[in-house]
J.: 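Encoded as structure tokens, here's the structure I'll be asking about.
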Amino acid sequence: MINKNKQIIADLESVLDKKKLITNKWDKQPYCRGWRYGIGDALAVALPETLLQIWELLEICLSHNMIIIMQAANTGLTGGSTPFGNDYDRPILIINTSSINGIRLIKNGEQAICFAGSTLFDLENLLEPFSREPHSVIGSTSIGASVVGGVCNNSGGSLVQRGPAFTKMSLFAIINANGKLDLVNELGIELGKNPVDILNNLQNNNYIETDILNSNALCSDKNYTTIVRDIDSNIPARYNSDTRLLYDASGSAGKVAVFAVRLDTYPKPKENSVFYIGANNPDTLQKIRVEILSKFKNLPISGDYVHRDCYTAAKKYSKDNFIILDKLGTKFLPTLFKFKRKIDFFSKSLPFLGENTSDKIMQFLSLFWPNHLPHKMEDFNQKFEHHWIIEMSDEGIEEAKIYFKDFFALNEGSYFECTKKEGKKAILHRFTAASAFGRYEILHKNKIGGAFSMDIALPRNTKKWFEVLPKDIDEMIDLKLYYGHLFCHVMHQNYIVKRGVDPEVLKEKLLCYYDSIGAYYPAEHNVGHEYHASENLKKFYKKLDPTNSFNPGIGRTSKKKFWK
């Protein structure tokens, strides 16, 4: 085995510079541990710099019967782009594509060709002169997520008018049932006949306007606004196993090697305004949701919910993340995460420091920073249990002003229209809230029985959307942190488990409860290694990857070759 591994490394080094092939345990850590969930080992981590190098690495993996895990920003929440455990039947190569971040705008910026490692942040900046936007401009953008990762996971949907990331136009590699590596070009661009020419021509922008085909293939989810407005449906607006959105790279969850995707972009609103809603009765928010979705001419840009407990926890435990993003922007995050992971790996070997030292240091330092949240938000947190941040644009702003003024004259709760600064901070507070759950778990590890997060999609016709659990389940939980996307009824529900309670037992009880109310799961975070893939997903994965060479074990499926 040692000699075989040496030969594999030698073959990989024939493609990559030695500095771009990581084999020592210390330096592999940032790539082998999930952002929030999952860890395992890999023989090596490859950092290719060209599309052709990815192809050559795939050929080597195939010749040595290796497992391939494609990875970009590694910001997933369910461990779907790292190894999970060490019970695989073949050596693993992680191919991290972060260096391959090219973006080509076509059709005057109306569409974009995004390479494997391109980020939403970079695409947003590139589209700025065209007054256009990518699919996602909040949430994943804030943590430096990749464009291709979003498509592979059908991620997103925070933006009410756009739905999950989706395209039928992509360039990807598969290993077919005969064990042969094939390159599939569905980009709609004439790039050549063989993989070397296709990949080099795309990388070097070696094509002209007439090579770009006028295809009718979808590069976004065109039907989502109709779907989300259908408030009487007993099916969720969006969920991970929706067969409507499983196509080639879209929803593939790493079961193919994606080189590039072609996506629609969107006109940028001329004006945006954020309305901050507070209420003590969840029925108040449900009434607003129904009336906006059924009666408004202009749909909101977004509408994100935060419960008071989550707001308060995020104020304390996500403070450092908020400040870093607010002051330094997302460009600094990859460096921060890499540095953070190295500190944690080093500190594990020192008993007096223990695990998660970086979180403990950052939490301590955040205590010295003054309150970072606007006074109006703080006032609402004192008055109201439920918070809803609704962003409107252009003609929708006046429509919302009139509606909210009239609505709260007759109903409980209140609202205020944010200044630009308040609006930015309200949205950022909501999206850094996700990190509060993990930080709380780390700092209270010895006092709790565990923690886990659930990502569920409620049916569109659900009226009682705020979770009230059966007593036997509720008694097992120490703290619940709720946030989500209320217009589409996608909820992120984080549970801190009481000491002495088995988290897996609690999780199974919760899943049975979700089934009883017609909820689907996961909603948008993909199955990763945390959820069981549905039969629809298993069928799709096996069709894409019949030899089970790409990302085996995803969705708690078999890790063995040929799905044994």
Side-chain angles (χ1 to χ4, degrees), residues 120-121 124-125 127-128 130-142 156-163 224-225 228-229 265-279 284-306 311 314 322 325-326 329 372-381 383-384 386-411 413-433 483-488:
L120 287 163
F121 181 80
E124 184 177 0
N125 286 340
L127 288 168
E128 184 69 30
F130 295 85
S131 294
R132 299 187 73 83
E133 294 178 334
H135 168 269
S136 298
V137 293
I138 53 178
S140 296
T141 311
S142 299
S158 296
L159 301 185
V160 181
Q161 303 166 21
R162 299 180 190 176
Y224 186 70
T225 55
V228 79
R229 281 187 182 274
T265 67
Y266 301 82
K268 192 172 184 178
K270 296 180 178 65
E271 187 180 359
N272 293 38
S273 191
V274 173
F275 295 85
Y276 201 96
I277 315 299
T284 301
L285 302 192
Q286 171 63 7
K287 187 175 181 181
I288 294 172
R289 173 184 175 268
V290 167
E291 290 182 352
I292 288 179
L293 290 177
S294 62
K295 298 178 181 178
F296 267 41
K297 179 181 178 182
N298 303 281
L299 280 176
I301 292 176
S302 63
D304 280 279
Y305 167 78
V306 185
Y311 176 106
F322 181 103
L325 287 169
D326 188 41
H372 55 294
L373 297 177
H375 295 302
K376 290 180 186 176
M377 287 172 57
E378 292 286 78
D379 182 53
F380 264 47
N381 195 45
K383 294 178 179 177
F384 302 114
H386 304 285
H387 300 235
W388 199 6
I389 305 156
I390 298 178
E391 185 175 12
M392 302 296 298
S393 64
D394 299 335
E395 292 83 1
I397 296 172
E398 189 61 29
E399 189 174 14
K401 284 181 179 181
I402 295 169
Y403 172 77
F404 288 131
K405 182 180 179 181
D406 292 344
F407 181 88
F408 285 108
L410 301 173
N411 294 274
S414 187
Y415 81 103
F416 65 89
E417 186 175 1
C418 297
T419 64
K420 294 295 181 185
K421 187 175 181 180
E422 289 168 344
K424 178 187 174 185
K425 289 196 171 189
I427 291 171
L428 187 55
H429 184 58
R430 154 62 188 91
F431 282 99
T432 55
Y483 55 91
H485 316 294
L486 203 51
F487 282 113
C488 59

J.: Atom NZ in Lys270, atom OG in Ser393: separation rounded to 0.5 Å?
T.: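 The NZ atom of Lys270 sits 10.0 Å away from the OG atom of Ser393.
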
J.: Are any side-chain N or O atoms of Asp394 and backbone N or O atoms of Pro269, one a donor and one an acceptor, separated by less than 3.5 Å?
T.: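 The answer is no, because no donor-acceptor pair under 3.5 Å joins these two groups.
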
J.: Taking all heavy atoms of Tyr403 and all of Lys287, pick out the closest pair and write down the distance.
T.: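 So the minimum-distance heavy-atom pair works out to OH-O, 4.2 Å.
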
J.: For this output row, return yes or no: ring centroids of Tyr305 and His387 closer than 6.0 angstrom.
T.: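 No - the distance between ring centres of Tyr305 and His387 does not fall below the 6.0 Å cut-off.
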
J.: Indicate yes or no: at least one non-hydrogen side-chain atom of Val160 is less than 4.5 angstrom from one of Val228.
T.: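 Yes. Closest side-chain heavy atoms under 4.5 Å.
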
J.: Indicate the atoms forming the closest heavy-atom contact of Tyr224 with Cys488, along with that distance.
T.: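 Result for this residue pair: OH-CB, 3.2 Å.
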
J.: Could you tell me the separation between the OG1 atom of Thr419 and the NZ atom of Lys424, rounded to the nearest 0.5 Å?
T.: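 It comes to 11.5 Å.
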
J.: Sub-3.5 Å donor-acceptor pair from the side chain of Arg132 to the main-chain atoms of Leu127, do we have one?
T.: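 No; zero donor-acceptor contacts below 3.5 Å.
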
J.: Closest approach of Ala400 and Met392, non-hydrogen atoms and distance?
T.: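 Smallest interatomic distance, heavy atoms only, reads CB-CG, 3.6 Å.
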
J.: Determine yes or no for a side-chain-to-main-chain donor-acceptor pair under 3.5 angstrom, with His429 supplying the side chain and Tyr311 the backbone.
T.: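 Yes.
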
J.: Judged by atom type as modelled, is there a donor-acceptor pair below 3.5 Å linking the side chain of Gln161 to the main-chain atoms of Thr225?
T.: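 Side chain of Gln161 to backbone of Thr225: no pair is present.
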
J.: Closest heavy-atom contact between Pro374 and Glu422?
T.: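 Distance-wise, the nearest heavy atoms are CB-CG, 4.0 Å.
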
J.: With the side chain counted from C-beta on, respond yes when Leu486 and Asp304 share a heavy-atom pair under 4.5 Å apart, and no when they do not.
T.: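 In short, these two side chains do not touch, never coming nearer than 4.5 Å.
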
J.: Rounded to the nearest 0.5 Å, how far does CD1 of Ile389 lie from SG of Cys418?
T.: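 Nearest 0.5 Å value for the SG-CD1 distance: 8.0 Å.
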
J.: Main chain of His372, side chain of Lys425: is a donor-acceptor contact present, judged purely on distance under 3.5 Å?
T.: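 Answer holds: yes.
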
J.: Ring of Phe487, cation from Arg289 - is the NZ or CZ under 6.0 Å from the centre and inside 45° of the axis?
T.: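 Pair Arg289/Phe487 does not count as cation-pi.
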
J.: Classify the ring geometry of Phe275 against Phe404: parallel below 30°, tilted from 30° to 60°, perpendicular beyond 60°.
T.: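 Tilted.
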
J.: Side-chain contact, heavy-atom cut-off 4.5 Å: Phe407 with Thr284?
T.: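 They are in side-chain contact.
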
J.: Kindly compute the distance separating OH (Tyr266) from CG (Leu159), expressed to the nearest 0.5 Å.
T.: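 So the gap between those two atoms works out to 9.0 Å.
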
J.: Is there a donor-acceptor pair closer than 3.5 Å between any side-chain N or O of Glu133 and the backbone N or O of Glu124?
T.: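 No, because the side chain of Glu133 does not come within donor-acceptor range (under 3.5 Å) of the backbone of Glu124.
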
J.: Would a 4.5 Å heavy-atom cut-off, applied to side chains only, mark Asn381 and Leu373 as touching?
T.: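 The answer is no, as the side chains (C-beta and beyond) never meet within the 4.5 Å cut-off.
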
J.: Give a yes or no on whether the backbone of Asn272 and the side-chain of Lys420 come within a donor-acceptor separation of less than 3.5 Å.
T.: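 Indeed, once roles are kept as given, a pair shorter than 3.5 Å links the two residues.
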
J.: Kindly determine whether Tyr276 and Glu417 satisfy side chain to side chain donor-acceptor pair (under 3.5 Å), including the steps that lead there.
T.: CA-CA 6 Å; Tyr276 201 96; Glu417 186 175 1; over 6 Å; no

J.: Is a donor on one side and an acceptor on the other found under 3.5 Å between the side chain of Asp326 and the backbone of Phe322?
T.: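 Flag not set: sc Asp326 to bb Phe322 has no pair under 3.5 Å.
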
J.: Minimum heavy-atom separation for Ile390 to Pro300, with atom names?
T.: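 For Ile390 versus Pro300, the nearest heavy atoms are CG2-CB, 4.0 Å.
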
J.: Are the side chains of Leu428 and Leu325 in contact, using a 4.5 Å heavy-atom criterion?
T.: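 A side-chain contact exists here, since the closest heavy-atom pair is under 4.5 Å.
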
J.: Hey, does the side chain of Glu399 reach the backbone of Lys297 with a donor-acceptor pair shorter than 3.5 angstrom?
T.: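 Flag set: sc Glu399 to bb Lys297 pair under 3.5 Å.
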
J.: If I compare all heavy atoms of Leu285 with all of His386, which pair ends up nearest, and what's the gap?
T.: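 Shortest heavy-atom contact: CD1-CB, 3.8 Å.
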
J.: If you round to the nearest 0.5 Å, how far is OG of Ser302 from CH2 of Trp388?
T.: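 Trp388 atom CH2 to Ser302 atom OG measures 10.5 Å (nearest 0.5 Å).
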
J.: Taking the six-membered ring where the residue is Trp, are the ring centres of Phe380 and Phe416 under 6.0 Å apart?
T.: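 Between Phe380 and Phe416, the centre distance is under 6.0 Å.
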
J.: Check whether any side-chain heavy atom of Leu299 lies under 4.5 Å from a side-chain heavy atom of Arg229, and answer yes or no.
T.: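 Yes. Closest side-chain heavy atoms under 4.5 Å.
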
J.: Between Glu391 (side chain) and Gly303 (backbone), is there a donor-acceptor pair under 3.5 Å?
T.: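 Not at all, since once roles are kept as given, no pair shorter than 3.5 Å links the two residues.
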
J.: With a 4.5 Å cut-off on side-chain heavy atoms, are Asp379 and Lys383 touching?
T.: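 Yes. Closest side-chain heavy atoms under 4.5 Å.
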
